[in-house]
Amino acid sequence: MMTKTNKDNWILFALIVCHSALLFYRYLEIPFSHDELSAINRCRFLKFNDLIQLGVKPDGHPAGIQVLLWGLIKSFGYSEWVLKLVFVLAGIGSTIFLYKSTKILFKMEAAILASCLFIGLEYFLTQQAYIRPYSIGLFLNLGLFFFILKVLNTKKWTFLYLLIILFSTLSYYTHYFSFLQSIMLWFGVFLMFYKNINVKYFIGSFCLSIIFFLPHLGITFFQLSMGGLGWLGKPELNFISSFYLNLFNSSVVFLIVAVVLLILALSQYKKYSKMYSFLILLWLMPFLILWIYSVCNAPVLQASALYFSTPFLLILMGNSINIFSKNSTKVVLISIVLLISIGTLILSKHFYKQRYFSPIKAFINQSNIYLKNNPNDSILILWQGNSNYFNFYNLKSSNPLKVIFTDTSRHFNTSHYNTIICNELPPEKMHQVGEQFPYLYAKDFNFSYTFYALKNEANNSPLYKRVNNFQFTFTKNEEWSRSFSFNLLEEGITKNMFLELIPQLDSTINNAELVMELYDKNERIDWRSIPLKPNSILSAKLKDIIKSEKIEKHHTAKIFIWNKDKQKMQPIDALLIIRIDNPCEYSGNWD
């Protein structure tokens, strides 16, 4: 007869196998993402001091993961599967710690349900195969959580305190948000379970973990002086709804199931009040801190920032199963959750389509196919992006491409070519290319990947479509020009298009801007402007702005010139054009 311990071990083994199957499926084919190539690029230093000064400090993360990568690369080279292995194993270790921690707090069934939620979420799985701080940071946070739970009600010194110090210190060196999560753990235990701990050992262990981080403070203060993420805006209320929809695999059905599980769990609050308060603190307090910091100081709150706190929500939701008394009901509930999570992972998030796709490798392959099929064309290949990232795969290709990198080459001579191959260029460069090579001969789209083959011969559809000409006129001392409004649907504009407005100027006009506003009914949903100068383009990527699935009758645009100094100005012409956009949604990768 199977003992309770054996049953527990077999269940945990089954969960590990399931999680491993999701992570290791076609493991050898997983390429590096843009962020991973960035991390690798910051490891190309022979001296450790150069790594710290040039590779770690400008990045904004603690040194731990970058130092780990540097050591792995020096020992094993740049193979994807070798570098990713540590991070994948850390992801599997996170499942073990989550299961065991939930079992301590509640029961085995709750641990199974929480684990089934965890292993089927794209939000966690994606980062568990990325050589970034998240997988290891979460492993350390959940390990710290487990070891702290183990020492509750233990008044004697135990080896577990050494593990607590180790996991806590390493979490500080891994990511500043895993640092924050560890501090929340220390604080939460001291606040909620003061009577259940040996205060001397507990506080002593915490102080030692902080002391071990002191050598890093110089780097930390430098990184804090850089401010927040320059490209990130302050969070708005819709961040919450979009985050949780994305968390549950972008499935409304899964989100509803999750809300029901949370309600069922919270209905048992009186029975588990102290544990629930502890978990809610670990789940919500980091979010509140980051929200307040982002609004009042510098924006840092994005989806990845909640990576270390969200598992505590899943642990809380796991206890919803204990509201049922029949084992058959519990089995059905666990089966439904596992089926929904893995089903939506594949069907809603297209996890495996994104997982094995590299925009750089796809562009190289597609370009080589085009070169082979069109040997008589004189072709110029442009790439907008970091040359080091591109060449990581280009130099491995059997037919490396000769490429001009437009982020470093502002001007490129196109007079000797009849075809341009490029990815998505900035609006000004795209228009420059489009004027000389206006016909779209071939295109290829995928997740965060665009391939264009453009020709100067009229043998296919045009890249751009002229929509209208506008003339902005002014009266004396007027701050705003005459404005023009138009309906997007009536102009034949769809959601998968760029809407671009080009002023016809010979010289820069001081302190005046071209403005475009987009409206959904009477609500302004987007406002953008550019200074009036030659070769400037005001571009709106409609897919990123329009919330509905398609352009509706109530979607309108308004354009005008903002004459800030009320200077005397002659009439200014502008051309409104549209061009096709990548219809594929961008993959959910995080910093």
Quick check: do [X] and [Y] have side-chain heavy atoms less than 4.5 Å from each other?
X: I104; Y: K100; result: no
X: F193; Y: M275; result: yes
X: T158; Y: Y201; result: no
X: L85; Y: F24; result: yes
X: V331; Y: S335; result: yes
X: T102; Y: L105; result: no
X: I30; Y: Y356; result: yes
X: F147; Y: L166; result: no

Describe, in one word, how the ring planes of [X] and [Y] are oriented to each other, choosing from parallel (under 30°), tilted (30 to 60°) and perpendicular (over 60°).
X: Y172; Y: F179; answer: parallel
X: F287; Y: F239; answer: parallel
X: F202; Y: F190; answer: parallel

Could you tell me whether a side-chain N or O of [X] sits under 3.5 Å from a main-chain N or O of [Y], the two making a donor and an acceptor?
X: S294; Y: L290; answer: yes
X: Y244; Y: A258; answer: no
X: Q128; Y: I92; answer: no
X: N249; Y: S341; answer: yes
X: K543; Y: N582; answer: yes
X: S548; Y: K550; answer: yes
X: Q127; Y: F124; answer: no
X: Y269; Y: Y276; answer: no
X: Y123; Y: T310; answer: no
X: S38; Y: H34; answer: no

Heavy-atom closest pair, residues [X] and [Y]:
X: H555; Y: E552; result: ND1-N, 2.8 Å
X: A540; Y: L518; result: CB-CD1, 4.3 Å
X: A39; Y: I131; result: CB-O, 4.3 Å
X: L125; Y: L23; result: CD2-CD2, 3.7 Å
X: K155; Y: N196; result: NZ-C, 3.8 Å
X: S182; Y: L144; result: OG-CD2, 3.6 Å

Next item on the list: Establish, for the pair R26 and Y352, whether the NZ or CZ atom is under 6.0 angstrom from the six-membered ring centre and no further than 45 degrees off its axis.
Entry: no
Note to self: Could you check whether K330 makes a cation-pi contact with F324, meaning its NZ or CZ is under 6.0 Å from the centre of the six-membered ring and within 45° of the ring axis?
What the structure shows: no
Note to self: Using the rule given for side-chain contact (heavy atoms from CB on, under 4.5 Å), can you reason through I263 versus M317, listing the C-alpha separation, both sets of side-chain angles and the distance that settles it, and then say yes or no?
What the structure shows: CA-CA 8 Å; I263 292 171; M317 291 168 57; over 6 Å; no
Gap separating the [atom1] atom of [X] from the [atom2] atom of [Y], nearest 0.5 angstrom:
X: C116; Y: I340; atom1: SG; atom2: CD1; value: 12.0 Å
X: I315; Y: L279; atom1: CD1; atom2: CG; value: 6.0 Å
X: S309; Y: L284; atom1: OG; atom2: CG; value: 8.0 Å
X: N322; Y: K107; atom1: CG; atom2: NZ; value: 5.5 Å
X: L69; Y: L83; atom1: CG; atom2: CG; value: 6.5 Å
X: L347; Y: S251; atom1: CG; atom2: OG; value: 9.5 Å

Do [Y] and [X] have ring centroids that are under 6.0 Å from one another?
X: W70; Y: F45; result: no
X: F177; Y: F308; result: no
X: Y134; Y: H175; result: yes
X: Y99; Y: F118; result: no
X: F145; Y: F312; result: yes

Check: Does atom NZ of K57 have more than 12 heavy-atom neighbours from other groups under 6.0 Å away?
Finding: yes
Check: Would one find more than 12 heavy atoms of other residues, nucleotides or ligands at under 6.0 Å from atom OH of Y25?
Finding: no
[X]-[Y] side chain donor-acceptor pair, cut-off 3.5 Å:
X: S209; Y: T169; answer: no
X: E29; Y: Y27; answer: no
X: N198; Y: T154; answer: no
X: Y130; Y: S135; answer: no
X: N496; Y: D581; answer: no
X: S178; Y: Q181; answer: no

Note to self: Please evaluate residues R42 and D59 with respect to the criterion salt bridge (Lys or Arg N to Asp or Glu O under 4.0 Å), reporting the C-alpha separation (whole Å), side-chain torsions for both, the decisive distance (0.1 Å), and the verdict.
What the structure shows: CA-CA 9 Å; R42 286 182 281 103; D59 178 45; 3.3 Å; yes
Margin query: Determine whether F278 and V189 satisfy the following criterion, side-chain contact (heavy atoms from CB on, under 4.5 Å), listing intermediate values before the conclusion.
Written below: CA-CA 8 Å; F278 183 40; V189 170; 3.6 Å; yes
Notebook entry, point to check: Step by step, would you call E36 with S33 a side-chain hydrogen bond (donor to acceptor under 3.5 Å, both in side chains)?
Noted result: CA-CA 5 Å; E36 292 175 289; S33 68; 3.2 Å; yes
Next item on the list: List the steps and the verdict of side-chain contact (heavy atoms from CB on, under 4.5 Å) for F213 and T220.
Entry: CA-CA 10 Å; F213 186 72; T220 299; 3.6 Å; yes
Checklist line | From CA spacing to verdict: side-chain contact (heavy atoms from CB on, under 4.5 Å), V252, L255 | finding: CA-CA 5 Å; V252 175; L255 180 60; 5.5 Å; no
